[in-house]
> 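Could you have a look at this structure, given as structure tokens, before my questions?
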Protein chains: 2
Amino acid sequence: MVKNKKDQTTEQAILDAAKKVFVSKGMAGARMQDIADEAGINKALLHYYFRNKEKLFEVIFMEAAEKLFPRINKIFDSDQPLFEKIESFCEEYIAVVMENPYLPLFVINEINQDPEYFLKKVWSGRSKPNPAKFLEQIEREVKKGNIKRINPLHLLMNLISMTIFPFVAKPMFQKNLGMSESQFRVIMEQRKREIPKFIIDAIKK
Amino acid sequence: MVKNKKDQTTEQAILDAAKKVFVSKGMAGARMQDIADEAGINKALLHYYFRNKEKLFEVIFMEAAEKLFPRINKIFDSDQPLFEKIESFCEEYIAVVMENPYLPLFVINEINQDPEYFLKKVWSGRSKPNPAKFLEQIEREVKKGNIKRINPLHLLMNLISMTIFPFVAKPMFQKNLGMSESQFRVIMEQRKREIPKFIIDAIKK
DNA sequence: ACTTTTGTTAACCATTTGGTTAAATCGTAT
DNA sequence: ATACGATTTAACCAAATGGTTAACAAAAGT
């Protein structure tokens, strides 16, 4: 009765395949048959490991969400000074997403599809981002006169937008600017330092 | 034989319904029946006006793309000085998108689904964005020493990201920051001026 | 050895879904 | 009126799709 010691290879093959298909086609566009084919197994075996499409999707989605959101928290909640925090965020977040460039669009998409489900499932526990501390920190720096007067909300939006959007619009940027895969990587690598520099230049007195 | 003078109300009702359903569910998630219901008509009538789902989708998608891309061009191609151009872009683009907040995600999504189709269908003619002029303008300002040394590509990405991303991640921002619909509108209204200010502060010497 | 549990498959089923057909209705020109 | 094209509908159809079943193979436990 080796219930726990599930066959690592088959289950993992399914998860890999499911991730690939779900992330590229979305929940609605993904076909169970495609996932089965991609995993090199029978369709019935899919339902043996994961009862139905919804359940399988949930696993993949949660995995993606858990990879994206807790990172934000840890950095935003840390005790670094503001400028360092901004640098950490860009550095670490771009690094994470560069390994899964399509995750942000996938997650954003499914959040749009059903914000309530998302709120309940993903943010019910530990991984709910809490930007309050970061926002207060900005406010404090403004009050102390260390940086220019700025609405913290806008600064937060600017930071997140500049960091994440290029991944969301990756194909658009690539097609429009004639950018190859490797060129895109180079640019994003640069942005780890360019974005903080840009922001700090914008707000320092 | 009033072939041209098609019944304005029915066709328009279909287009409105199709836009609503396609934009919220995407091509894959949209159901012809839903569109018919939303338009208050029979499903067969849908196929009478638009031969099939693909054709109907194409109309909606093109309409969306035409609303989003040519605007960018006109501004980027204009002869305004750099700072004014940045101001115009934020002002006009946010105004346009505020009336259709879900268009950017819709378009980005379908581009991701099939970048080649997009390239052919949408950018084959007039509406292909040509950022070259804008990029050169930035380069010139840098060379003239009017602004700080910056890779024009990053500046372009920053501008577009800060402008568009909040709409793409709208539900996320709203849920996470406890923002109401009207609050979101206020913030975006502010960003028309906050983004240019932010950018100019970042690059002016 | 043999029994039980776990993994895997082919065939099947029910529902959904895009699309068609043929008939009915409406508007308008003759 | 009536003939005729444009519009609209109910009923249908075939393919796709999520999911199930029953049988079979492979381990694991006894």
Side-chain angles (χ1 to χ4, degrees), chain A residues 1-63 106 109-110 113-114 117 121, chain B residues 1-63 106 109-110 113-114 117 121:
Chain A
M1 206 182 296
V2 202
K3 189 74 183 302
N4 304 8
K5 185 79 183 172
K6 280 183 183 167
D7 180 31
Q8 202 63 27
T9 61
T10 299
E11 182 165 7
Q12 198 52 50
I14 292 176
L15 287 172
D16 291 348
K19 180 178 172 183
K20 194 168 168 181
V21 175
F22 275 133
V23 167
S24 82
K25 304 273 188 76
M27 165 65 168
R31 295 292 104 102
M32 292 299 266
Q33 188 61 60
D34 295 343
I35 297 173
D37 291 349
E38 181 73 34
I41 58 163
N42 188 287
K43 191 175 54 136
L45 199 52
L46 227 54
H47 290 84
Y48 175 75
Y49 278 90
F50 303 89
R51 207 167 311 288
N52 55 37
K53 191 180 176 181
E54 221 178 21
K55 287 273 200 302
L56 178 54
F57 176 81
E58 197 173 303
V59 173
I60 301 299
F61 180 75
M62 291 299 286
E63 190 187 299
F106 171 66
N109 238 322
E110 304 299 336
Q113 219 52 220
D114 185 355
Y117 165 91
K121 273 288 171 187
Chain B
M1 206 183 294
V2 202
K3 188 75 182 300
N4 305 8
K5 185 80 183 172
K6 280 183 185 168
D7 182 31
Q8 202 62 26
T9 61
T10 300
E11 182 164 7
Q12 198 52 50
I14 292 176
L15 287 172
D16 291 348
K19 180 180 172 183
K20 194 168 169 182
V21 175
F22 275 133
V23 167
S24 81
K25 305 275 188 76
M27 165 67 166
R31 295 292 103 100
M32 291 301 265
Q33 187 62 59
D34 295 344
I35 297 174
D37 292 348
E38 180 74 34
I41 58 163
N42 189 288
K43 191 177 54 141
L45 199 53
L46 227 55
H47 290 84
Y48 175 76
Y49 279 89
F50 303 89
R51 207 166 311 288
N52 55 39
K53 190 180 177 182
E54 221 178 21
K55 287 272 199 302
L56 178 55
F57 176 81
E58 197 172 303
V59 173
I60 301 299
F61 179 75
M62 291 299 285
E63 191 186 299
F106 171 65
N109 238 323
E110 305 299 335
Q113 219 53 219
D114 185 354
Y117 165 91
K121 273 289 171 187

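Computed from a prediction, not measured in an experiment: that's the story for all the values here. A note on names: the letters A, B, ... follow the listed sequences, proteins ahead of strands, and every chain is numbered from 1.
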> Send over the distance from B:Phe50 CZ to C:dG18 C1', rounded to a whole Å.
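Rounded to the whole Å, the gap is 16 Å.
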> Would you tell me whether B:Gln12 and B:Asp16 have side-chain atoms, one donor and one acceptor, within less than 3.5 Å of each other?
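Result is yes, a qualifying pair exists.
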> Once you round it to whole Å, what is the distance between C1' of C:dG19 and CG of B:Leu45?
14 Å
> Quick check on D:dT8: is either OP1 or OP2 less than 4.0 Å from any side-chain nitrogen or oxygen of B:Thr10?
yes
> What closest approach, in Å, do A:Ala36 and A:Lys43 show between heavy atoms, and which atom pair accounts for it?
CB-CA, 3.8 Å
> Just how far, in rounded Å, is P of D:dT9 from CD1 of B:Ile41?
7 Å
> Does the side chain of B:Tyr48 get closer than 4.0 angstrom to OP1 or OP2 of C:dT20 through an N or O atom?
no
> To the nearest 0.5 Å, tell me how far A:Lys19 NZ sits from A:Ile60 CD1.
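The CD1 atom of A:Ile60 is 8.0 Å from NZ of A:Lys19, to the nearest 0.5 Å.
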> Search all heavy atoms of B:Glu110 against all heavy atoms of B:Met27 and return the closest pair with its distance.
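Minimum heavy-atom separation between B:Glu110 and B:Met27: OE2-N, 3.3 Å.
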> Starting at the 5' end of nucleotides 21-26 of chain D, put B wherever the base has a protein heavy atom under 4.0 Å, S where only the sugar-phosphate does, and a dash everywhere else.
B-----
> Starting at atom CD of A:Gln12, determine the distance to atom P of C:dG7, rounded to an integer number of angstrom.
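In whole Å, C:dG7 P lies 15 Å from A:Gln12 CD.
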> Rounded to the nearest Å, what distance is computed from the CG atom of residue B:Leu46 to the C1' atom of nucleotide C:dT20?
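Taking CG of B:Leu46 and C1' of C:dT20, I get 14 Å after rounding.
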> Ion pair present between B:Asp34 and B:Lys25, side-chain N to carboxylate O less than 4.0 angstrom?
yes
> Each nucleotide in nucleotides 14-19 of chain D should get exactly one letter: B, S or -. Can you fill that in based on protein heavy atoms under 4.0 Å?
---SBB
> In whole angstrom, give the distance that lies between atom CD1 of B:Ile14 and atom C1' of D:dT7.
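Roughly 11 Å, once rounded to whole Å.
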> Flag the pair B:Met62 / B:Phe57 as yes when at least one side-chain heavy-atom distance between them is below 4.5 Å, and no otherwise.
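Heavy-atom side-chain distance check fails, nothing below 4.5 Å.
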> Just by distance, with hydrogens left out, do A:Gln33 and A:Asp37 show a side-chain donor and acceptor under 3.5 Å apart?
yes
> Would you say the ring centroid of B:Phe106 lies under 6.0 angstrom from that of B:Phe22?
no
> Do B:Phe50 and B:Glu58 have side chains that get closer than 4.5 Å, going by heavy atoms?
no
